[in-house]
Amino acid sequence: MTRTAGVPSLRRVLTVTPVLIVSLFVLLLAAQAFSETRRFSDIIALARIADEDNGLSPDLLTKTVEGLQPVIAEKICRSDIIKAGMRLVLADIDAHAGDASPEADAMRLGFAETYMRHALSCLPANGDVWLRLAMVRSLRNASAMEIAVLTNFSQLYGPADANLIRGRFVIWRQFTKGALPQAEAAREADTAIVCGRQGEILRWSLRHVCSQELQTGMQSAKPRP
């Protein structure tokens, strides 16, 4: 009698326990998300302001970027926090271009690379992260081979994103055509989009790309004497 009565109770325990475990796990994730939102809400808000025309003052940018240290140290991988931090890091570099000591520049670029590599560990299939790492590495005088590899991955993971294409042409313009043979296919793919039917909006800011391609094509089409 006692053993029979205990069977339904045991079944109820076995049924309820997984639900409690899952509920506890969800609550822990929610608590962690709330904590991260509270800690880094200023970072996200200031990143939006940094994207505006007036932006943030150089001093405020530097102070805000210093607040990104815990993101790396604690391996925080929340997408909105990571992306906000990337915008702030690059805005900080732009704001201090040419007005800081070589030591300060080196420290700023070193932190930027560390942050971008952390972002890449969190978002390995994000073409924007690969592009921003390529930009930082180019500022640190990385080899053409490395820049080509990083930009290739940006094109692979963001082949038709207009903002990424504009950003990649910042890289392409730093090198003469043929200087990055490993990235030639990626460059040609971006050029095809800009000069193709779907690139009408892109041509407002990248009009020179198609004119250069036309000139190159005309030169290659000239008969040899």
Measure across [X] and [Y] and return the closest heavy-atom pair with its distance rounded to 0.1 Å.
| X | Y | value |
| --- | --- | --- |
| Thr151 | Ile147 | OG1-O, 2.7 Å |
| Asn152 | Ala183 | OD1-CA, 3.4 Å |
| Arg140 | Ala106 | NH2-O, 4.4 Å |

As an exercise, state the distance from [atom1] of [X] to [atom2] of [Y], rounded to the nearest 0.5 Å.
| X | Y | atom1 | atom2 | result |
| --- | --- | --- | --- | --- |
| Arg137 | Ser143 | CZ | OG | 8.0 Å |
| Leu131 | Leu150 | CG | CG | 9.5 Å |
| Leu46 | Lys63 | CG | NZ | 10.5 Å |
| His96 | Thr62 | NE2 | OG1 | 3.0 Å |
| Phe169 | Ile171 | CZ | CD1 | 12.0 Å |
| Asn54 | Glu52 | CG | CD | 7.5 Å |

Using the side chain to side chain contact (heavy atoms under 4.5 Å, CB included) rule, take Val65 and Arg108 through it: C-alpha gap first, then chi angles, then the decisive distance, then the call. CA-CA 10 Å; Val65 167; Arg108 185 169 280 109; over 6 Å; no
If you apply the rule side chain to side chain contact (heavy atoms under 4.5 Å, CB included), what do you find for Leu90 with Met116, and how did you get there? CA-CA 10 Å; Leu90 289 183; Met116 297 304 171; 3.9 Å; yes
Leu206 and side-chain contact (heavy atoms from CB on, under 4.5 Å): which single residue from Ile201, Ile193, Val194 fits?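 Passing option: Val194.
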Short N-O contact, Glu113 and Arg117, less than 4.0 angstrom: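 Answer for the salt bridge query: yes.
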Taking Glu74 first and then Arg39, would you say they form a salt bridge - that is, a charged N and a carboxylate O separated by under 4.0 Å?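 A salt bridge is present here (some side-chain N lies under 4.0 Å from a carboxylate O).
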With the side chain counted from C-beta on, respond yes when Trp204 and Arg207 share a heavy-atom pair under 4.5 Å apart, and no when they do not.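 Yes - at least one pair of side-chain heavy atoms lies under 4.5 Å apart.
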Do the side chains of Leu133 and Val129 get nearer than 4.5 Å, heavy atoms only?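 In short, these two side chains do not touch, never coming nearer than 4.5 Å.
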Salt bridge (Lys or Arg N to Asp or Glu O under 4.0 Å) assessment of Arg132 paired with Asp128: CA-CA 6 Å; Arg132 291 171 191 260; Asp128 190 27; 2.9 Å; yes
Treating Ile, Leu, Val, Met, Phe, Trp and Tyr as nodes and any side-chain heavy-atom pair under 4.5 angstrom as an edge, say whether Leu61 and Met107 lie in one connected cluster. no
In one Ile/Leu/Val/Met/Phe/Trp/Tyr side-chain cluster, 4.5 Å: Leu123, Leu156: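 Leu123 clusters together with Leu156.
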So, [X] side chain and [Y] main chain: donor-acceptor pair closer than 3.5 Å or not?
| X | Y | result |
| --- | --- | --- |
| Arg203 | Gly196 | yes |
| Asp105 | Ala97 | no |
| Arg168 | Ser154 | yes |
| Trp130 | Leu120 | no |

Could you tell me whether Glu200 atom CD has more than 12 heavy atoms of other residues or ligands within 6.0 Å of it? no
According to the interplanar angle, ranging from 0 to 90°, do the rings of Tyr115 and His118 count as parallel (below 30°), tilted (30 to 60°) or perpendicular (above 60°)?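 Perpendicular: the ring planes of Tyr115 and His118 meet at over 60°.
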Could you go through Phe111 and Asp92, starting from their C-alpha distance and side-chain angles, then the distance that decides it, and tell me whether this counts as side chain to side chain contact (heavy atoms under 4.5 Å, CB included)? CA-CA 11 Å; Phe111 176 77; Asp92 185 47; over 6 Å; no
